[in-house]
Amino acid sequence: VVELIVYGIILGSIIALGAIGLTLVYGILRFANFAHGDLMAVGAYVVLFVVSWAVPTLGLSGEPWSPLSFGWPMLVGLLVAMPVTGLVAIGIDRALFRPMRLRRASPVILAMASLAMALILRSLIYIGWGPDFVFYSQALRPAWRFPLGVRIRPDQLFILALAALLVGLLYLFLQKTRMGKAMRATADNPQLALVTGIDTDRVVRWTWMLGAGLAAAAGVLYGIDAQLRPDMGWNFLLPLFAAVILGGIGSPIGALAGGLILGITQQVSTAYLLPTYKPAVAFVLMIVILLVRPRGIFGSA
Amino acid sequence: MPELGGLVAYLVSLATMAGIYGVFCLGLNVQWGYTGLFNVGIAGFFAVGAYTSAMVTTPMPTGLYAQYVTQLFGLGLPFPVGLLAAGLVAGLIALLVGIPTLRLREDYLAISTIGIAESIRLVFNNEQWLANGPRGLAGLPAPLAGMVSPAHYGYVYLAIVLAVTVAVYVAIERGIRSPWGRVLRAIREDEDAAAMLGKDTFRFKLQALVLGAAIMGMGGALYAHYARAISPDAFDPLYATFMIWVMVMLGGSGNNKGVLIGAFVVWGIWTGTTFVTDYLPVALQARAPFIRFLFIGLLLEAILLLRPQGLLGEEKLVSRLIDEQAPRA
């Protein structure tokens, strides 16, 4: 069980990265973005493109770094995928969500548009790569042994470290920079933010850049830990929303805590249930939260 | 004239499927079109209806067959019982989803219905004892099969489907012109205002959700007895949920005639595109279904951006009493 909890923390850190992005978008743009899981998948496949096509085509060799299953192309891919996914999200916002906001469409219509966008993104991945599972690397690396019989692969330590680094950077950004403060102000009260002279268009662009960038990182880390599949975004949707609701909509710290709780719950549940039931476990947990504390643990409004 | 015969058979199957989808669209119209409930879990009610009717109408497997097929129960009852049971069980599930979520923000219902649909699919896929797991159930009875020769049975089933569709249509049209229907639309427009007028909006929303889901369950039964065999794959959220949303949004939410037109148009486009993808380069043919999904997704975005009210838009109607007087005025 200790091992399952450790794996749960690793899965939870991936869910948390996705959920933090989702909660930022939810809090600032005020609609449920059902395409967020598929933005994770977009990021994961951009890295696949870099690692398995761009780097070999340029005649470069990216030998894996000894204890890890991947080499420098993965880091380059990640640095490419995060801004690319962010730009994809900004492009979607320009073409789709912005005209709807200007028309003052209800949040439900925006949520429906995001659902259709999820289908579009997934179809594009299917068209590009087909429906099969893919792995970033065929390299097999032995797991390290830790006390209490816990075995962890070096890759998984990398996932934890990178997730922690990204969360730390985001925290500094939100606390210390002008844009971070503007984003928090907009999430608290959009009308007030507008009258105090905050450039809401810029806030929207930054929100998508950060939210989708973190989603891309989450997708890549999941790809390193497990495998890539076109429907991975759909399978992450329930845990992401459960984590956001658990933490309280609009609260990044809540989403972090919610993501970790979700990850641990899902992994520990595999001791008693089939692993395929993980999304259902997330759903049941979400219903329990809605019944007991609909505002979430850290929610205020 | 074999070619003409093929065309007629094609049109009959097209109309049958479109009619079945029409029933789902009417159910969604009660929830979304009139009450504004965002149900993204149609696939779940679809599956529950289909499996319920399958297990009510097929007998329990015996002998050698029982080694290959396991199901929780098999009653061997006639089709109308299966149809009603399908509506009943789907409505019951909607009641269970609605109670915790309808008091909360509207987007919580959306994510909860996604969750229930996914969970239902996972249960049918993994629990062998319930309904034979991923292999599903086969050998569903065809209602009124003895009436005509098997070659002409397609017409009989089409008539059954259309009869159910018309019955549901008439029932909803009557309901929506009643005081009950006016409360639903008041909730959709401004729930707080409806609550201020002393309406128990939670109860009305719950009734709309359950009624719509029961209609969807009956649609699932109609599908099951048309396909004669069902498996969890058939209830993929892409097919079952998304297609129906596109139909309702295209036809015009809040307009029962509109959503039926939407069902026929979108199903026609969907089956029509199979002919188009035959002309694709061979390399892309294997991925043709995904190109069609892409097109359906783009179609919904285009509707939402360019014509959010759909083809017909909402009918302005208040009461059936006024409608009856209108020609005389």
Side-chain angles (χ1 to χ4, degrees), chain A residues 26 30-32 34 92 95-96 99-100 103 105-113 115-131 230-231 234-235 237-238 240-242 244-245 249 273-274 276-292 294-295, chain B residues 32 36-38 40-41 96-97 99-101 103-123 125-127 188 236-238 241-243 245-246 248-249 253 284 286-306 308:
Chain A
Y26 215 151
R30 314 221 155 229
F31 76 95
F34 291 112
I92 293 170
L96 195 63
M100 290 179 175
R103 207 174 63 204
S106 92
V108 183
I109 296 292
L110 272 85
M112 196 186 297
L115 192 68
M117 188 44 70
L119 181 74
I120 290 171
L121 293 176
R122 202 172 341 142
S123 305
L124 289 173
I125 292 171
Y126 271 117
I127 293 167
W129 281 275
D231 61 354
W234 181 256
N235 291 334
L237 204 55
L238 284 171
L240 289 185
F241 271 93
V244 166
I245 293 172
I249 290 170
L273 292 168
L274 291 170
T276 45
Y277 274 126
K278 277 184 193 172
V281 170
F283 169 64
V284 171
L285 192 62
M286 184 172 74
I287 291 289
V288 172
I289 303 157
L290 288 179
L291 285 173
V292 178
R295 286 169 192 172
Chain B
W32 165 255
L37 304 176
F38 191 16
V40 201
L96 294 178
V97 188
I99 288 172
T101 52
R103 286 184 203 278
L104 306 164
R105 300 167 45 145
E106 52 193 356
D107 30 12
Y108 287 177
L109 177 69
I111 188 71
S112 303
T113 47
I114 291 181
I116 194 80
E118 280 296 289
S119 305
I120 287 170
R121 196 168 60 88
L122 290 172
V123 167
N125 227 334
N126 291 312
E127 304 302 327
R188 182 194 64 190
D236 188 283
L238 285 177
T241 298
F242 202 77
M243 196 77 85
W245 267 104
V246 178
V248 166
M249 296 307 289
S253 38
L284 277 176
R287 290 171 189 176
F290 309 120
I291 298 175
R292 295 161 74 206
F293 281 128
L294 177 67
F295 173 72
I296 289 285
L298 292 172
L299 181 64
L300 181 56
E301 303 290 22
I303 298 163
L304 289 174
L305 275 177
L306 305 175

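First the proteins, then the strands, lettered A, B, ... as listed; each starts at 1. Side chains are part of it too, since the values below use all heavy atoms of this structure and drop only hydrogens, waters and symmetry mates.
- Contacts of Ile120(A) with chain B are made by both backbone and side-chain atoms, with heavy-atom separations under 4.5 Å.
- Contact annotation for Leu121(A): neither backbone nor side-chain heavy atoms come within less than 4.5 Å of a heavy atom of chain B.
- Neither the backbone nor the side chain of Ala118(A) comes within less than 4.5 Å of any heavy atom in chain B.
- Ranked by heavy-atom pairs shorter than 4.5 Å toward chain A, the options Gly115(B), Pro308(B), Ala288(B) are led by Gly115(B).
- Most heavy-atom pairs under 4.5 Å with chain B, from the set Ile245(A), Val284(A), Leu124(A), Leu274(A): that is Ile245(A).
- When every heavy atom of Phe38(B) is checked against every heavy atom of Ala111(A), the shortest pair comes out as CE2-CB, 3.7 Å.
- Highest contact tally toward chain A, considering only Ala110(B), Gly36(B), Ser119(B), is held by Ser119(B) [criterion: heavy-atom pairs under 4.5 Å].
- Separating the CG atom in Leu304(B) from the CG atom in Leu96(A) is a distance of 7.5 Å, to the nearest 0.5 Å.
- Of all the listed residues (Ile287(A), Leu290(A), Leu291(A), Ile109(A)), the one sharing the greatest number of non-hydrogen pairs under 4.5 Å with chain B is Leu290(A).
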For this session: Any chance you could lay out the side chain to side chain contact (heavy atoms under 4.5 Å, CB included) test for Val108(A) and Trp32(B), step after step, and finish with the verdict?
Result: CA-CA 11 Å; Val108(A) 183; Trp32(B) 165 255; 3.4 Å; yes

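- The shortest distance between side-chain heavy atoms of Leu115(A) and Thr241(B) does not fall below 4.5 Å.
- For the atom pair Phe283(A) CZ and Leu122(B) CG, the distance stands at 11.5 Å (nearest 0.5 Å).
- Remark: Glu118(B) pairs with Arg121(B) by the salt bridge (charged side-chain N to carboxylate O under 4.0 Å, His left out) rule, at least two apart or across chains.
- When heavy atoms are compared at a cutoff of 4.5 Å, Ile116(B) approaches chain A by way of both its backbone and its side chain.
- Under 3.5 Å, the side chains of Asn126(B) and Thr276(A) contain a donor-acceptor pair of N or O atoms.
- Here the side chains of Ile111(B) and Phe34(A) are in contact, with some heavy-atom distance below 4.5 Å.
- Here the CG atom belonging to Leu294(B) is positioned 12.0 Å from the CZ atom belonging to Arg122(A), to the nearest 0.5 angstrom.
- Per-residue counts of heavy-atom pairs under 4.5 Å with chain A were compared for Ile291(B), Thr101(B), Val97(B); the largest is that of Ile291(B).
- Residues Pro99(A) and Leu305(B) form a side-chain contact, since some pair of their non-hydrogen atoms from C-beta on lies under 4.5 Å apart.
- Shortest non-hydrogen contact noted between Asp107(B) and Ala32(A) is CB-CB, 4.1 Å.
- Under the ring-ring contact (aromatic ring centres under 6.0 Å, His included) criterion, Tyr108(B) pairs with no residue at all, not counting sequence neighbours.
- Residue contact with chain A, scored on non-hydrogen atoms closer than 4.5 Å, involves the backbone and the side chain of Val123(B) alike.
- Closest heavy-atom contact between Phe242(B) and Leu119(A): CE2-CD2, 3.2 Å.
- Among all heavy-atom pairs drawn from Glu301(B) and Ala113(A), the shortest one is OE2-O, 2.8 Å.
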